[in-house]
Each structure stands twice: as structure tokens, then as C-alpha cells.
Protein chains: 2
Amino acid sequence: MKALTQRSGSMDVTIYEVAKRAGVSIATVSRALRGTGPVAAKTREKVLKAVEELNFTPSRLGVSLAEGRHAANGVVFPDLAGPYYTEVLLGYEEVASELGRSVVILSTKGRTRVNDLIKDLAGRVDGLLVFGHAAPDPLIAELVRLGVRLVVISRDPLPGADTLRSENTASARALAEHLAGHGYERFAFLGAPLTSGDDVDERWRGVRSVLGGAIEAVATREYTVECGFDAARALLKDRRPEAIVCSDDEVALGALLAAEELGLDVPGDVAVTGWDDIMAARHARPALTTVRQPMRELGARAARALDELITGVRDTPRHLILTTELVVRASCGPHPQEVRT
Amino acid sequence: MKALTQRSGSMDVTIYEVAKRAGVSIATVSRALRGTGPVAAKTREKVLKAVEELNFTPSRLGVSLAEGRHAANGVVFPDLAGPYYTEVLLGYEEVASELGRSVVILSTKGRTRVNDLIKDLAGRVDGLLVFGHAAPDPLIAELVRLGVRLVVISRDPLPGADTLRSENTASARALAEHLAGHGYERFAFLGAPLTSGDDVDERWRGVRSVLGGAIEAVATREYTVECGFDAARALLKDRRPEAIVCSDDEVALGALLAAEELGLDVPGDVAVTGWDDIMAARHARPALTTVRQPMRELGARAARALDELITGVRDTPRHLILTTELVVRASCGPHPQEVRT
DNA sequence: TTGTAGGCGTTATCAA
DNA sequence: TTGATAACGCCTACAA
């Protein structure tokens, strides 16, 4: 039974009314509208006229049910806060829309029954883009088992799904070597990995592989400005490293604030670096040395990969890694031979 | 006909298979699952067991078609870039999810056939949240006429839809008076309104009502860092106002960059203010004086308002205005008697 | 307490 | 070139 208080959007007129008005059958209306079969020119005219007069739009629900597809994708992320997820989502939405798919979003942070939410989402789309942290591994495995088309972003490859990430290890080494070139000898990695196998974990491993025992891991509760601030303040009060390598730009911004509060000069008293190259990184003072990752492209690629999986153009999972770029700015110290952005 | 290459997510098993396995009718399965009618304890057990074994999840499409509702809302924004839309969206999604509604997003910037995209979206949701700039007025009117539940954000009231915005005029006056208190006499408003009746327009009017002829309007192509930078550079080269009031924080960040490039000190040579209080505003140097608007709450309220419209709890449009807060930081000049954030 | 059957709005097959 | 009609997957009034 249809609840009249909850009509589905603008749709009230059905294909039957159009058919009646045009004096044809619903099959003919459907054909005329989709161009999916022969329709006499004259008949088509009548149909289009009726459609126009009644302001008919085929019900998405009806179409989807009949076609067996939603023409929609889902995106699952931990939190939309912060520029990283936004940028990726933006790149994703643009391509998805171009491919004729709507984008349904779901944020999991602070939610109870995350698994149910994600499964529900899976039921209303043709495929899912999941950010590494947003869904627990067992759930991912279950989704794979259920045959959900899946692209997972920012984590190490897993069976049955596409994965997609930016390069981390090599960039982390490059960053570490750059800092070592400044002559620093006592480092801290602020925002120690909270999960193994994710982006931050790779960054940490890369940095450590170069700096070895000279760098210590300092955890933050989350990768946010606030948490970065708290942890950095405690760290700087207790033992001041010469350089703080942060898990990402937001944590680094927190570190800058902490240094300021303690009256420390960056990079004079302590160098700070970030990761991602978000907008605020360029505007911070000192501007943040960071590693730029192609966030929008990450999203765009994810959309295309998911499309391939859904349309069946490809059925073997693929694991892609996009390249990044070291962006040297003021926060890591004077370094005349490098180009500044 | 169902296209097997495009199964809808994880759903393959139907209520019929569950019914057969449990040895009952589909009606009983439905009742047992939704608790919508009497079911013997023993029967329920059998059903739940079958559901478990088959890993059954009711098809969203089937449910929606039968219920006559999508259990989803749409959000239309010009562009997800920049923190403003993100924050609002975040607040919106949280509440929508709490209310059991999915969120389908649509970005219109740079898209052709925007009207078609929006209408299509309207067809797959129970109601729409639209940001002021994202949809042309005639389309809004048409949606209202079609009976689409609508909440429009950041624009002046219009008939047939809820509108929701932050307070602009009074805050703009307060900001203008604050700046006048600094003793400045030659002002520019960077990011002149591109549309009438939107947030920026209100800000401009508010500021001008205090400063009168002392402030000139300077247009930017868009409200972005890049455009703010370009316009500010031209402005500062040509005739240097004592204070630049910007349409929003991003434009203001661009102005800061322009001043830096020209070797001008902010606020020594020129004062700069923004609007919104995005994250980067606090981290910029000098930190931006701005007007904070409750972006997340804006989204949260929009979600509740739309829910009321959809469920029919309320059917007369309502127009809400949320309060804002002047945030004085360093970029407007030394001002000892104010509290800094 | 349970089952039958009609309806939700399309698409597409098949016969005319 | 067109029209009946069977899916698609679920919900629920009504009868049993």
C-alpha cells in the first residue's frame, strides 16, 4: 500500500496514465521513451505530447527494479571532516555522475552498528567505495563473499576487491632523507599508525627505514588538528626533537599551534612536516613541507575502477598505486637549493 | 528482465527462497522480519534460521516500491571543494542517518544539463536539500510546483520551501563597526555578490550600510583562494585600501597570499577579514578575523526540517536564521581590548 | 496464526 | 508496428 503522506519525490503520474492519454499501450510508451524498439513517427508524437502534458518522469524505483540495477554507488568514509576525504569524494562524484551513477554517502565515525549501516548501503547501490579505516576487515571480507563490487582505498591489497592508494613508502624515504640532509638527528613521528597496513603505517615504516633509531613514534588519539596539538605539546615540553614528522597535514597543523603556544620557532627550534598537501598547508605560517598526494585523481580512478567491476568489463581485482610528490616549503628549515611552492 | 551482469549489490536471495526454506509463506516471512503482525514464536524461529542460512537481506528496491518511499534524501551543492559545504554536509548526513535516511549527493559546478541532473535526483529521494547557488531559481520554483519536499539553504525565503541560513546583516554591521573602530577609512569589499539575495549579498549590504561610500565593491570570478588572490593583487597594486573585507575566508586567504607576494604586511599595511571561520582561518598567519557561522548545525537543522516536511509532521514552510559570532584575531589589526581566539 | 493475491511502476518478451 | 503479459522483490488487506 502506498503511503500518500510520503510520495516519492515528484512522481505521481505513471506510465499507465500516459498510455491512456496517448491512446496506446504502456509497452509503446516505454519504447517511445527509451528508443528501444520500433515506434511509428506519428505514435511517438502522441506519446511525447502526453508525456509533456502530464509531466511524466519514469519512476526510478520502477526502472531500477525492472533493470536490476540501481545506477548508484556508495561511498563509505570514516568522517567527512578534513579536506582529504572531501577531495577524494569530489573526484569520485564527478566521474560517477559522468557515468550516470548517483553517489550515496555514509559516514561511519561515531556510529553504532556500523556493519548494519554499511550492509544497508550495499543493498541500495551497485557497488561500494570504502576508505581503509571506515569498515572493519571482517566486514570487508563478508562483502566480498556476498559478491559486492568493491573498491577499497588507502590500504594494502586484499583479495576479491580492487584497492587503490597513493605511494607512501618511497615518498616517506625521500622525506626522511631530505630532513636528514638538513642535519637533524633527533626525530619524532607524530601520529603513529593506529592500524597496520594503512597509509600512515606505510609512511611510518618508510621514514623509519631511513632514520632507524633516530626517530621515535608518538601516538595521537586521532589524526586531527586537536589531537596533534595535544600530543605535540606534551612531546615538546618533555623532550624536544629537532624535527617532527607528522602522519598528515592536520596533525602537523596541530603541532605548529603547539609550538607557537610554547613560544618555539618553527623551523628554528623544531622542524615540522605534514602529508597530503591540503589547502591549509600552503597557508600555514610557516608553510608546511609535505607530500602531495593526488586526492581528486584517487577518487576519479576509484569511480572508473568500480564502474569496470559493475559493468563486468573486468572481473579480476586490480591494485593501483598513484605517485606522490615531495613539496618542500618553509617548515622543515632553510634549504636554499630546493624550489619552494 | 534482470541483467545478471549487474546484480544489485549483495542481493540475490529473495523472500521467496526464504519462505520456501522455512516452509512458510512470504507474508509470514515479511511479518516475522518487520514485526508487523502476529507470528508464532516457533514460526519466527524457523524464519530467522532460514534468513540466517541464506544470508537474506530484503531488497531496498522492493521495499521502497512497496512502501512508496525511498528512505533517502538528496543534497545539491555547487561544489564540494572548500570546507563550508563539507561541514554543512557533515552535519546533515549525521542527522539524516540517525533518522534512517541515506544521503545522495550531487555537485552541479561545471556540469551541463544541471536541471536534468537535479530532477533525476529528485526522482530517487523523498526530499532535497539545495544550497542557494546550486540550482537556478526557475528550477526551484518548478520543483516546488511538482511537490518536491525542499529545504533551501543560504538564501532568502521563497514560497513553498523551507529556507535556512545564518545571520548575515547584523554580523556584517558588527564587523564593519569593529573595523571602523580601528580607525580605518578606506575599505574594499573583496568578492562582491555574484547573485542577489544570497549570503554574500547580505554581507555586502550589511557592511555598506555602516561604511557607506567608504567601501568599494571588488568582484572576484568565484569565491575561491585563487580568485581572491588575483583580485586582491590587482587591487593592492592599483590603490591600496586600509582594510579588505572579504566575502568569505577562502577569498581572504587569497588576499593574504597576495599581500605577502607584494611584500605588504597584514595588518600593518592592510587589514583583512574573512567569513565562515574555516579551519585554515585559524592557522593562517596572521590568523584571520572572521565571522563564525554554525555550519554543522546548519546541516543538522536542514536534515530535521526536511524530515518534518517528508513525514508530514509539518506542511507550512518555515524560514530559520541561525546566529553567528564575530571572531577577532590578528588580521584586522592590534585591538587590545578584544579577546582573541 | 497463517496464506492468498493484488499492487507498487517499470522493462522486455512474444505473439499478433 | 503494436499490445498483452510475465517478470523484478516486497508489503499488506483480507480470507481462511
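Below, chains carry the letters A, B, ... as their sequence lines are ordered, and counting in each starts from 1.
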Could you pull out the protein-nucleic contacts involving nucleotides 2-6 of chain D (nitrogen or oxygen on both sides, under 3.5 Å)?
| residue | atom | partner | partner atom | Å |
| --- | --- | --- | --- | --- |
| D:dT2 | OP1 | A:T43 | OG1 | 2.2 |
| D:dT2 | OP2 | A:A40 | N | 2.7 |
| D:dG3 | OP2 | A:S25 | N | 3.0 |
| D:dG3 | OP2 | A:S25 | OG | 3.3 |
| D:dG3 | OP2 | A:T28 | OG1 | 2.7 |
| D:dG3 | N7 | A:R31 | NH2 | 3.0 |
| D:dG3 | O6 | A:R31 | NH1 | 3.0 |

* Asked: Between A:S30 and C:dT10, is there a side-chain N or O to OP1/OP2 distance below 4.0 Å?
  ->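 Checking A:S30 against C:dT10: no side-chain N or O falls below 4.0 Å of OP1 or OP2.
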* Asked: Is the distance from OP1 or OP2 of C:dA12 to the nearest side-chain N or O of A:R34 less than 4.0 Å?
  ->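 So the side-chain polar atoms of A:R34 do come within 4.0 Å of the phosphate oxygens OP1 or OP2 of C:dA12, strictly under.
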Rounded interatomic separation in angstrom, taking [atom1] from [X] and [atom2] from [N]:
X     : N      : atom1 : atom2 : value
B:L61 : C:dT11 : CG    : C1'   : 13 Å
A:L33 : C:dT10 : CG    : P     : 10 Å
B:R69 : C:dG9  : CZ    : P     : 16 Å
A:K46 : D:dT1  : NZ    : P     : 14 Å
A:H70 : C:dG9  : NE2   : C1'   : 16 Å
B:I15 : C:dG3  : CD1   : C1'   : 13 Å
B:L54 : D:dC10 : CG    : P     : 12 Å
A:E67 : C:dT11 : CD    : C1'   : 8 Å

* Asked: Which residue, A:V29, A:L33, A:V18, forms the side-chain contact (heavy atoms from CB on, under 4.5 Å) with A:L48?
  ->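 Among A:V29, A:L33, A:V18, the one that satisfies the side-chain contact (heavy atoms from CB on, under 4.5 Å) with A:L48 is A:L33.
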* Got a sec, which residues hit ring-ring contact (aromatic ring centres under 6.0 Å, His included) with B:F131, two or more places apart in sequence or on another chain? ->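 ring-ring contact (aromatic ring centres under 6.0 Å, His included) list for B:F131, sorted by chain: B:Y85.
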* **Ion pair check, B:R149 and B:E308, cut-off under 4.0 Å** => no
* Among A:R304, A:R314, A:R301, which residue meets the salt bridge (Lys or Arg N to Asp or Glu O under 4.0 Å) test with A:D162? ->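 With A:D162 as partner, A:R304, A:R314, A:R301 yield a single salt bridge (Lys or Arg N to Asp or Glu O under 4.0 Å), made by A:R314.
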* To do: Determine the sole option in B:E93, B:E94, B:E98 for which the salt bridge (Lys or Arg N to Asp or Glu O under 4.0 Å) test with A:R111 is passed.
  => B:E93
* Do any pairs count as a salt bridge (charged side-chain N to carboxylate O under 4.0 Å, His left out) and have a residue in residues 41-53 of chain A, sequence neighbours left out, and if so which ones? -> A:R21-A:E53, A:K49-A:E53
